[in-house]
Protein chains: 2
Amino acid sequence: MNQRQSLADDGDSSKAKPRRLGKNGDGAERHEAIYRTISDAIIEHRLRPGARLREDALAEVFGISRTGIRKILQRLALEQLVTLTPRRGASVTRPTADEAKDVFDARQMVECGLMPEVARRIKPENVSELRDMARREREALRSGEQSRAIKLSAAFHERLAQLSGNATLAAFVGQLCSRSSLILAVYGSSGHLGCESHDHDDLIGFLEAKNGERATAFMSRHLKAIEASLSIVEEEEETPDLQRIFGI
Amino acid sequence: MNQRQSLADDGDSSKAKPRRLGKNGDGAERHEAIYRTISDAIIEHRLRPGARLREDALAEVFGISRTGIRKILQRLALEQLVTLTPRRGASVTRPTADEAKDVFDARQMVECGLMPEVARRIKPENVSELRDMARREREALRSGEQSRAIKLSAAFHERLAQLSGNATLAAFVGQLCSRSSLILAVYGSSGHLGCESHDHDDLIGFLEAKNGERATAFMSRHLKAIEASLSIVEEEEETPDLQRIFGI
DNA sequence: CTGCCAGTCATTGTATACGTTTCTTCCGCC
DNA sequence: GGCGGAAGAAACGTATACAATGACTGGCAG
């Protein structure tokens, strides 16, 4: 029923030889790379919400032992990208409708609140960097690489938050964007991606003009548009179905 | 080597039932309790910033193996309460001045932004609960229990955020409050605690009156007052000292 | 006497083994 | 024929053993 073999098919990709370097030096770097690989796979919807992440399978795929995998899984769980149920293992988080609302409300508050400061601090090189990111996102969209586009969109929003200079809030926005990607995977209509392709460019224009007020308003509309495009229907999956129907 | 249980069964406290679970039972609950114990010790300044947290020592004190301790330490590291340096182990985080500014800016944005919603949703039982928390905090302050007062103050702010109904933002505020406690430990003047004793009561009054606007303004002043009471002097400790002086 | 180098120690990082729990499947019974 | 229970298997949780790396101390040379 559930595609738990989605991880086991090692033939899928570029990680052909994680075999040998178990011994040598930089383990931390390797862990970071594995973390990023899994995280990207989730954000790009290569791992759909609900997919099981068995420790053994991951350990084998990446050529490290379960100990390291568990560490990475815990980190992902703290960021709410995977859900760790006590004796059942890990699976990609399936956000509830309430969580989706919370995440977008939080983004509304934080990202909009950051815009004035970003407009104040933005520099020409940041503008060109952002334009480059927006361009790559547009290209990915046009060429049908939805996965890439989603990741680039999240990266754009996170980079924007970083430009505020507040590392704490930027990290928080980064988490919110990751979770938003998960929400899009569950509630997003397939044909319609989160961010309109031209939106980000417009926003950059306001920021370049140091117009914090308009940037804030535009970001607010932008996020509202994304949220409105979701079809939050609260599809019941398993047991809560019966409880809610007959329970009362 | 195996007499580690000599510490485990010292009958330390209220954990009456874990007698049996030498093997297992509810390990997750136990982990949670240990996490909370360490977290509280940090927040209450019983463990000062910079204090080293050796895995062996913690494992022996709590009667579990290093595996479990590492899990807890990683969680604390993700919440920025402890710093995990690659081959040097864990220590209580010593926030920098920049981090302190970021944290208080973030609190300013999020906690103030939450006040209108809190004022809208607050119920009489919440009001009495908050009043009770504020009273206990005042009592702790009066009786000189600074540690308790700090923890209660953080709990108050976190509970306030929870009343907004947004669990994501509430959890974020909880983290910010924990980090604020650390900041107070480093930069706070000893005689002057973070929150004035009457401030919280005043705030409750505004919320009870459903006056979100005044509550927001008051929270802003409240946080500004805490931040202003800090003596951020950027005391150099170890190596960065020389780098900053001779580095350029 | 001071500074450097080497050896030892202490502490963390990783892996593996074992115990426990849960899910699955099969068999028997209703 | 369907349902329930039991046994086996698979996967997670924990502990322990081993390896590697950084810190400290003692000795030697300049």
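Remark: C1' of dT14(C) and CD1 of Ile34(A) are 12 Å apart, rounded to the nearest angstrom. Atom CG of Leu84(A) and atom P of dA11(D) are 16 Å apart (whole Å). Distance, Phe62(A) CZ to dA15(C) P: 14 Å, rounded to whole Å. In this structure, Arg87(A) places its CZ atom 14 Å from P of dG19(C), rounding to the nearest Å. Between Asp56(B) atom CG and dT16(D) atom P the separation is 12 Å, expressed in whole Å. Rounded to whole angstrom, the span from the CZ atom of Arg54(A) across to the C1' atom of dC23(C) amounts to 13 Å. Taking atom CD of Gln74(B) as the reference point, atom P of dT14(D) lies 14 Å away to the nearest angstrom. Rounded to whole Å, atom C1' of dG13(D) lies 16 Å from atom CD1 of Ile69(A).
Among the atoms of the strands shown, base atoms are found under 4.0 Å from some heavy atom of Arg70(A). Among the heavy atoms of the strands, none lies under 4.0 Å from Gly68(B). Arg66(B) comes within 4.0 angstrom of a base, heavy atoms only.
Annotation for Tyr187(A) and Ala97(A): closest pair OH-N, 3.1 Å, computed over non-hydrogen atoms.
Checking Thr67(B) against Glu55(A), the closest nucleotide of DNA chain D that is more toward the 5' end is the one next to Glu55(A). Both Gly89(B) and Ser65(A) lie near DNA chain C, and the one whose nearest nucleotide falls closer to the 5' end is Gly89(B).
Of the possible polar contacts, none joining the Ser181(A) side chain to the Cys177(A) backbone as a donor-acceptor pair under 3.5 Å is found.
Looking at Thr93(A) and Thr83(A), their side chains do bring a donor and an acceptor atom within 3.5 Å of each other.
Between Glu32(A) and Arg75(A), at least one side-chain nitrogen of the basic residue sits less than 4.0 Å from a carboxylate oxygen of the acidic one, meeting the salt-bridge criterion.
When the side-chain nitrogen and oxygen atoms of Lys71(B) are compared with OP1 and OP2 of dT14(D), one or more of them lie within a distance under 4.0 Å. OP1 or OP2 of dT22(C) has not a single side-chain nitrogen or oxygen of Arg88(A) nearer than 4.0 Å.
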Checking Phe62(B) against Ile72(B) for the side chain to side chain contact (heavy atoms under 4.5 Å, CB included) test, could you report, in this order, the C-alpha distance in whole Å, the side-chain angles of both residues, the deciding distance, and whether it holds?
CA-CA 12 Å; Phe62(B) 291 108; Ile72(B) 294 168; over 6 Å; no
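Considering only the side chain of Arg52(B), dT11(C) comes nearest among dT11(C), dA15(C), dT22(C).
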